[in-house]
Amino acid sequence: MSSPPASVPSHRSLRALLAIAVGALFALTAVPASAADGKSGHQTTWTVFQGDRKVGKETLRVVNKSGRIFASGTRKITRGSARGHRTTHVQRSGGKLAKYIRKEKVRLGTGVKAFEKGGMLRVVGINQSQEAREHSDVLNRRVWDPTVLHWLALWTGQLSGNESTIGYFDISSQTTGSATFKRRGTTKVADKDGKPVEVVRWSV
């Protein structure tokens, strides 16, 4: 297995995240979008901790339409030194990556955009000087973005049995690798109403 880049969360934090991504995360469960908000799909909200301190939240809304997946996420940190508001968008079609966008939610916010072009993945900068690069043989891989965590929830559908290996493309370093996940049993967490929810734990 290729080790994830040094800038990604520790194995311990990844275990906690993946354990709860299957059903709930940081004591909040995934719930269908209500008709009142006028949006489709399912949205999950996570509380972000720095140690024992709540510093913000991440969200991910996923819509699945006829084999195409559209996922929009946010990471908003309101306390501590890492304050900021970041958005992401993922689009996959037929199991392949079609588009990925990550951007700081401020005026002229910087970011990165990756999109399919001629059977390759082209990566360009948003509001920043970044040389455009194209990559072959990465469209079937999952996106690894070390600046946010909610995208890991999109990986849970690939996990089965006692062990699964997933190939990824790191959008920041523009390199490829693979991560092996091992099933570590189940555990229970409380949902937003305080009710127990059983989830599967995975280590990576």
Side-chain angles (χ1 to χ4, degrees), residues 1-31 43-62 71-90 99-114 123-133 141-156 166 168-177 179 181 184 187 189-192 194 197 199 201-204:
M1 158 182 142
S2 299
S3 298
S7 55
V8 302
S10 67
H11 285 186
R12 182 180 178 184
S13 61
L14 281 174
R15 281 198 296 270
L17 184 71
L18 287 166
I20 307 174
V22 176
L25 184 58
F26 291 119
L28 294 176
T29 57
V31 294
Q43 178 169 298
T44 308
T45 299
W46 295 268
T47 298
V48 179
F49 289 86
Q50 187 175 43
D52 295 329
R53 183 188 185 195
K54 296 180 181 180
V55 296
K57 68 177 182 179
E58 294 200 24
T59 67
L60 184 70
R61 182 183 295 274
V62 181
S72 297
T74 65
R75 176 179 174 84
K76 189 173 184 180
I77 305 301
T78 57
R79 303 175 68 183
S81 59
R83 294 182 184 183
H85 192 179
R86 185 171 294 142
T87 63
T88 66
H89 177 75
V90 182
K99 183 186 298 182
Y100 182 82
I101 299 173
R102 182 237 299 149
K103 185 177 180 294
E104 300 298 324
K105 195 171 182 180
V106 294
R107 183 176 181 273
L108 299 179
T110 59
V112 64
K113 179 179 180 180
V123 182
V124 299
I126 299 175
N127 293 327
Q128 63 177 318
S129 177
Q130 178 176 319
E131 182 181 357
R133 295 176 59 185
R141 293 176 176 266
R142 296 284 167 169
V143 172
W144 182 292
D145 190 335
T147 71
V148 292
L149 292 174
H150 52 254
W151 50 268
L152 275 170
L154 298 174
W155 289 32
T156 57
I166 299 177
Y168 64 80
F169 175 73
D170 186 319
I171 197 69
S172 291
S173 65
Q174 298 193 46
T175 57
T176 60
F181 298 84
R184 299 301 186 189
T187 189
V189 297
D191 66 10
K192 64 179 181 180
V197 178
V199 297
R201 296 177 61 249
W202 295 86
S203 64
V204 59

Can you sort out the partners of Q128 under side chain to side chain contact (heavy atoms under 4.5 Å, CB included), two or more places apart, ordered by chain and number?
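Partners of Q128 by the side chain to side chain contact (heavy atoms under 4.5 Å, CB included) criterion, ordered by chain and then number, come out as T110, Q130.
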Mind checking side chain to side chain contact (heavy atoms under 4.5 Å, CB included) for I126 and listing every partner two or more places apart, or none if nothing turns up?
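Scan of I126 (side chain to side chain contact (heavy atoms under 4.5 Å, CB included), adjacent residues dropped) gives I101, K103, K113.
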Please name the residue in the list T45, T44, T88 that meets the side-chain hydrogen bond (donor to acceptor under 3.5 Å, both in side chains) test with H150.
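Among the candidates, only T88 passes.
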Tell me every residue that passes side-chain hydrogen bond (donor to acceptor under 3.5 Å, both in side chains) with [X], counting only those two or more places apart in sequence or in another chain.
| X | answer |
| --- | --- |
| H85 | none |
| T59 | T74 |
| T87 | none |

What pairs meet the salt bridge (charged side-chain N to carboxylate O under 4.0 Å, His left out) rule with one or both residues in residues 71-87, with sequence neighbours excluded?
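Qualifying pairs, neighbours excluded: E58-R75, R86-E104.
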Distance-minimising heavy-atom pair for [X] and [Y]:
| X | Y | answer |
| --- | --- | --- |
| A71 | V62 | CB-CG2, 4.1 Å |
| D145 | S172 | OD1-OG, 4.1 Å |
| V112 | I171 | CG1-CG1, 4.0 Å |
| I77 | A82 | CB-O, 3.4 Å |
| S72 | H89 | OG-ND1, 3.2 Å |

My understanding is that only residues two or more places apart in sequence, or in another chain, count here; which of them pass ring-ring contact (aromatic ring centres under 6.0 Å, His included) with F169?
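Result, ring-ring contact (aromatic ring centres under 6.0 Å, His included) vs F169: H135.
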Name the orientation class of the two ring planes belonging to Y168 and W144 (parallel below 30°, tilted from 30 to 60°, perpendicular beyond 60°).
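The rings of Y168 and W144 sit tilted, inter-plane angle from 30° to 60°.
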Between R201 and T187, do the side chains contain a donor N or O and an acceptor N or O under 3.5 Å apart?
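Looking only at side-chain atoms, R201 and T187 do not form any donor-acceptor pair under 3.5 Å.
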Rounded to the nearest 0.5 Å, how far apart are OG1 of T176 and CD of Q174?
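Separation between the atoms: 11.5 Å.
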So how far is it from L152 CG to W202 CH2, rounded to the nearest 0.5 Å?
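So the CG of L152 and the CH2 of W202 are separated by 13.5 Å.
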Any L60 side-chain heavy atom under 4.5 Å of L154 side chain:
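L60 vs L154: side chains touch.
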Heavy-atom donor-acceptor pair, N127 side chain to G109 backbone, under 3.5 Å:
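Checked: pair present.
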Hey, would you say the W151 and Y100 ring centroids sit under 6.0 Å apart?
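No, ring centres 6.0 Å or more apart.
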